[in-house]
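Worksheet for the structure shown next.
Note that the coordinates shown come from a computational prediction; the quantities given were computed from them, not determined experimentally. For the single chain, residues carry numbers from 1 onward in sequence order.
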Amino acid sequence: MLFARQAEPYAQTPIALIEARLRDNEFQPIYLPSADAPAIPVEVDIQPDTDALDEICSFKVNGVELLIAGQVEDNLNLRKLFPEPGPVSVVSLAVKACEIFALPFSQLEFAPNVPQTVTLNETSGFKRPGDVYFVKDA
């Protein structure tokens, strides 16, 4: 709801207050609500030396890596989140990342070289949301 209304004129003051409060935290989320609704860059890389030619090894949002090579928590393990065999669409991964990390999907901007689909290994997953943040500049 917040993201859907952040650009509305009536929301500018509350959004500015929320943004200022979050900006004041030592550890800041990777996206701060903004009345400008800026684009959020997404980059995806694949592992070059694997049996699968398109195995994902990196999923960055706003310059922050969201994947970890060894994720044992079922609710964050990619293979558990997407149990169907075969490739997974990068859009599906992005939707799940938005749910986990509180990001507005409509503002995601995929880099031109992002593949349409990727394959998953058994151990990779999203990082714990509490471990993904920017540190406030001194």
Side-chain angles (χ1 to χ4, degrees):
M1 179 75 162
L2 172 68
F3 297 137
R5 305 280 188 248
Q6 67 184 340
E8 297 293 331
Y10 62 82
Q12 290 184 6
T13 299
I15 291 294
L17 290 171
I18 292 169
E19 181 181 11
R21 174 61 184 96
L22 291 172
R23 219 175 265 291
D24 195 39
N25 291 342
E26 181 179 355
F27 302 105
Q28 301 170 3
I30 60 173
Y31 174 76
L32 296 173
S34 171
D36 299 334
I40 305 168
V42 176
E43 301 171 47
V44 176
D45 284 324
I46 56 172
Q47 184 71 29
D49 299 322
T50 61
D51 292 337
L53 297 176
D54 58 352
E55 184 177 303
I56 191 169
C57 69
S58 177
F59 191 93
K60 291 183 182 176
V61 174
N62 221 9
V64 177
E65 182 61 60
L66 299 185
L67 294 185
I68 188 169
Q71 179 53 269
V72 295
E73 296 180 37
D74 287 350
N75 62 329
L76 296 172
N77 179 284
L78 294 180
R79 185 45 64 206
K80 302 286 186 193
L81 292 170
F82 301 96
E84 308 81 24
V88 174
S89 78
V90 170
V91 169
S92 295
L93 285 172
V95 167
K96 185 55 74 176
C98 288
E99 291 172 13
I100 293 170
F101 298 100
L103 302 165
F105 180 80
S106 64
Q107 290 171 236
L108 296 184
E109 184 175 88
F110 296 90
N113 62 341
V114 168
Q116 297 253 331
T117 61
V118 293
T119 57
L120 309 175
N121 64 40
E122 296 299 318
T123 61
S124 294
F126 289 113
K127 293 180 179 180
R128 291 177 41 232
D131 294 339
V132 178
Y133 50 81
F134 288 122
V135 177
K136 181 179 177 181
D137 293 332

Which value, rounded to the nearest 0.5 Å, describes the distance between [X] atom [atom1] and [Y] atom [atom2]?
{"X": "Arg128", "Y": "Ile100", "atom1": "CZ", "atom2": "CD1", "result": "13.0 Å"}
{"X": "Leu103", "Y": "Tyr31", "atom1": "CG", "atom2": "OH", "result": "9.0 Å"}
{"X": "Cys57", "Y": "Glu65", "atom1": "SG", "atom2": "CD", "result": "7.5 Å"}
{"X": "Leu93", "Y": "Phe126", "atom1": "CG", "atom2": "CZ", "result": "5.5 Å"}

Got a donor-acceptor contact below 3.5 angstrom from the [X] side chain to the [Y] backbone?
{"X": "Arg79", "Y": "Asp74", "value": "no"}
{"X": "Asn62", "Y": "Ile30", "value": "yes"}
{"X": "Asp36", "Y": "Pro38", "value": "no"}
{"X": "Gln71", "Y": "Thr123", "value": "no"}

Write down the atom of [X], the atom of [Y], and the distance for their closest heavy-atom approach.
{"X": "Pro104", "Y": "Cys98", "answer": "C-SG, 4.2 Å"}
{"X": "Val90", "Y": "Val44", "answer": "CG1-CG2, 3.9 Å"}
{"X": "Phe59", "Y": "Ala97", "answer": "CE2-CB, 4.0 Å"}
{"X": "Ala94", "Y": "Phe110", "answer": "CB-CZ, 3.7 Å"}

- Item | ILVMFWY cluster, Ile68 and Leu81 together (side-chain gap under 4.5 Å) | no
Does any part of the side chain of [Y], heavy atoms only, come nearer than 4.5 Å to the side chain of [X], both counted from C-beta?
{"X": "Ser58", "Y": "Glu43", "answer": "no"}
{"X": "Glu55", "Y": "Thr119", "answer": "yes"}
{"X": "Val61", "Y": "Phe101", "answer": "no"}
{"X": "Gln116", "Y": "Ser89", "answer": "no"}
{"X": "Ile56", "Y": "Ser124", "answer": "no"}

- Would you indicate whether Lys60, at its atom NZ, is surrounded by more than 12 heavy atoms from other residues, nucleotides or ligands within a distance under 6.0 Å? no
